[in-house]
Amino acid sequence: MGKPVVATTSLAGCFGCHMSILDIDERILDLIELVEFNKSPIDDIKTFTKQCDIGLIEGGCCNSENVHVLRDFRKNCNALIAVGECALMGGLPALRNTIPVQECLEEAYLKSPTVDDKIIPNDDELPMILDKVYPCQDIVKIDYYLPGCPPRADLIWNALVALIKGEQMELPYEVVKFD
Ligand code: SF4
């Protein structure tokens, strides 16, 4: 039997959660022995080439492309893990949720003193911005949640290894606390 296949993506996130994955330090060598990576910024594979066992999702959904990618992950991964507060609750990008989208766009592109060309981008190729930022579980079924901003590397490692080996997740307070 081959190694479990893992895919990762960043939606409306800052890549800090991916940095936390890499923060497992030398255990990355063990991880490479344990799993095979498919679509992911870690190996720069841009499209799914096979059905994956685990999908790690960083970030929530702020535009139509995020929704498309997330649905694609749901279809191509047997289990999805929401990694970090942006994926779980929308995180920092969701701070805009109390302000109408048009107001946000005007503030960013028309009123900001640092913008030269005062135009709200509207090219057809740009993904459509959503009315608010949605956590992943509002769009697709999520199987596991790893909290934190970002989740600690030890939390990601413990959860991933347990899932791969089919063991009970050992998540002591030290790896899930935020202080
Ligand atoms: Fe970045 Fe924090 Fe969001 Fe992760 S949870 S993508 S570290 S802001």
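Count residues from 1 along the sequence. Counting starts at 1 for both ligands and their atoms, following the listed order. Keep in mind it's a predicted model, so treat the numbers as computed, not measured.
Using a cutoff of 4.0 Å between basic side-chain nitrogens and carboxylate oxygens, K50 and E36 are scored as salt-bridged. Using a 4.0 Å cut-off between charged side-chain N and carboxylate O, K141 and D143 make a salt bridge. Ionic pairing of D44 and K46 is present here: one or more N-O contacts between side-chain nitrogen and carboxylate oxygen are shorter than 4.0 angstrom.
For Y109, the OH atom sits in a loose shell: 12 or fewer heavy atoms of surrounding residues, nucleotides or ligands are nearer than 6.0 Å. Sparse packing is recorded around NZ of K75, with 12 or fewer heavy atoms of other residues, nucleotides or ligands lying under 6.0 Å away.
Each of G13, C14, G16, C17, E58, G84, E85, C86, G148, C149, P150 has a non-hydrogen atom positioned under 4.0 Å from some atom of ligand 1.
Side-chain contact of S10 with H18: a donor-acceptor pair under 3.5 Å is absent, judged by distance alone.
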